[in-house]
Protein chains: 2
Amino acid sequence: MATGRTHRPATRSRGIPEATVARLPLYLRALTALSERSVPTVSSEELAAAAGVNSAKLRKDFSYLGSYGTRGVGYDVEYLVYQISRELGLTQDWPVVIVGIGNLGAALANYGGFASRGFRVAALIDADPAMAGKPVAGIPVQHTDDLEKIIQDNGVSIGVIATPAGAAQQVCDRLVAAGVTSILNFAPTVLNVPDGVDVRKVDLSIELQILAFHEQRKAGEESAADSPLPGAAAAARKASAADQGPDGDVPAVMPA
Amino acid sequence: MATGRTHRPATRSRGIPEATVARLPLYLRALTALSERSVPTVSSEELAAAAGVNSAKLRKDFSYLGSYGTRGVGYDVEYLVYQISRELGLTQDWPVVIVGIGNLGAALANYGGFASRGFRVAALIDADPAMAGKPVAGIPVQHTDDLEKIIQDNGVSIGVIATPAGAAQQVCDRLVAAGVTSILNFAPTVLNVPDGVDVRKVDLSIELQILAFHEQRKAGEESAADSPLPGAAAAARKASAADQGPDGDVPAVMPA
DNA sequence: CAATCTTTGTGCACGCGTTCACAAAGACAT
DNA sequence: ATGTCTTTGTGAACGCGTGCACAAAGATTG
């Protein structure tokens, strides 16, 4: 799920597989928790359980970073926290701009986890002139007109798009033109970006639809052969209208 | 990325690969847009471009659903919209509860894309007694005490967790015990669920960290051998200090 | 009806990611 | 020191997902 438009070159970045990179933050979180409890070392087994992954996978993941473990003992928590942080680039400060300060943008601005890991909200940007100057999460909202200047003045390379779908591509283009090379997209649109720019997307609607698919499948199996699940409840699942149109016809469905 | 804790059995659900399922919502969105423009048919090439994927991949994806295309012509937009909707289970109504009505939960409640695709916010739940009764997005917030009753009365099978990390597992357990079998988790924690329960997670912090990794890599290459990118700007990237906050935990995220 | 042109559906090969299983490394006890 | 025990690091096998490339299917034209 890296690039939105361009095919991901599966950039085996510096030898570290993409799948591993995606898990490093997970490990880091688990390690940070251990660190706060002053736990000195962890075995791959324990840490894997905490991170919700397979221990062999975890060991292989760490092996890409180097050999930081001690056989018979495990991994030094503090050392590993540092190594992963460094690998992820969290030992430096990343100024971030959020574009689109609606409900979501505001929630993101208030999001505590931002500052905690080296990310700093450098600016909030919105197209609505009425928002200009209004502080959100203690930061005054600035107008889209100044987007380029804001990016450049703050040396921002990571942008967060929380605008409506219709405005996303345009905002994206401006961000990229101004020098942003990494984008986190919350708008439900496919963003078109040039090579060298990374896009990650977060889409509630898509996640729900995927869940619905599996949910439907479960419900189907359930009625076919009675629930193979340990199910805590087999109540009146699946609420109201179970339409399920005829087959070769065009019913009405709809978009967001 | 289905189950949080338990290893995903790579459930080739009903023959449709997980990777394909994850793309269906993308196709559906693109098709819906075409439908609104009254475009009667699309070729795999066009649709693939709109969805940001490879055309061969798209054709193979559709082949799992059956043969809905016409050689020499393409796919019938309306028909495909219907088929995908049906496959994803969007032809039925899915009541959803959102637990944790903070900044994020409120933003989710206000999220328009919810109702649009068969999802209906059946209830908002929060642990803060002060929130009880207060309407958010036109829906009165209810107290956690009534969680089980709410789930059962509404036949809810999909739950959204937008609580702080500390409360997430507990809320999750109660949801599952009450009959929820699909969870969308916005809290930055690994959720432990029994088999048969699907968990998908959305975590802003993780996404940003992954972007930071690639950003750092780009910056590294850039200084090593001058920017191989078409880069629109090579300004003063990479900002200030190298702090690395102590950090405890992080909240979550969401789409517009 | 035959020829041509377009576009689907898919066989095949390749590469990434996951998992198993085990040898090597080191801690620890005697 | 020597042996035992624990845990890492990784070689190897396997399976999934991706993309190429092409044959088959159907539309379309003459």
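- Remark: the backbone N or O of A:S44 is not paired with any side-chain donor or acceptor of A:R59 at under 3.5 angstrom.
- Straight-line distance from the OH atom of A:Y68 to the C1' atom of C:dA25: 18 Å, rounded to whole Å.
- A side-chain donor-acceptor contact under 3.5 Å links B:Q209 and B:S205.
- A donor N or O paired with an acceptor N or O is not found under 3.5 Å between the base of D:dG17 and the side-chain atoms of B:K60.
- D:dT8 atom C1' lies 15 Å from atom OH of A:Y64, rounded to whole Å.
- Between A:S44 and the phosphate of D:dT8, there is a side-chain N or O to OP1/OP2 separation shorter than 4.0 Å.
- For B:E46 and C:dT6, the CD to P distance is 14 Å, given to the nearest whole Å.
- Between B:N54 and the phosphate of D:dC20, there is a side-chain N or O to OP1/OP2 separation shorter than 4.0 Å.
- Contact check, B:Y75 against C:dG9: a side-chain N or O comes under 4.0 Å of OP1 or OP2.
- Out of D:dA21, D:dA27, D:dG17, the shortest distance to the side chain of B:A56 is found at D:dA21.
- Regarding A:L65, its CG atom lies at a distance of 12 Å from the P atom of D:dT10, rounded to whole Å.
- Residues A:R71 and A:K57 each lie close to DNA chain C; by heavy-atom proximity, the contact nearer the 5' end of the strand is made by A:K57.
- Where A:G72 and A:A19 each meet DNA chain C at their nearest nucleotide, the meeting point lying more 5' is that of A:A19.
- For the pair B:D61 CG and D:dG17 C1', the interatomic distance rounds to 10 Å; values are reported in whole Å.
- Relative to the side chain of B:V73, the nucleotides D:dA27, C:dG26, C:dT7 differ in distance, and D:dA27 lies closest.
- Rounded to an integer number of Å, the gap from A:L80 CG to D:dT8 C1' is 13 Å.
- There is a side-chain donor-acceptor pair under 3.5 Å between B:D61 and B:T20.
- The nearest pair of heavy atoms linking A:V190 to A:Q169 is O-OE1, 3.8 Å.
- For the OP1/OP2 pair of D:dG11 and a distance below 4.0 Å, the side-chain nitrogens and oxygens of A:R59 include no atom meeting the criterion.
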Next on the checklist: Does B:Y79 form a ring pair (Phe, Tyr, Trp, His ring centres under 6.0 Å) with B:Y68? I'd like the steps, not just the answer.
Outcome noted: CA-CA 8 Å; B:Y79 188 56; B:Y68 298 144; 5.2 Å; yes
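- Look at CG on B:L58: it is 12 Å from P on D:dT18, rounded to the nearest Å.
- Between the P atom of D:dG19 and the CZ atom of B:F62 lies a distance of 16 Å, rounded to the nearest Å.
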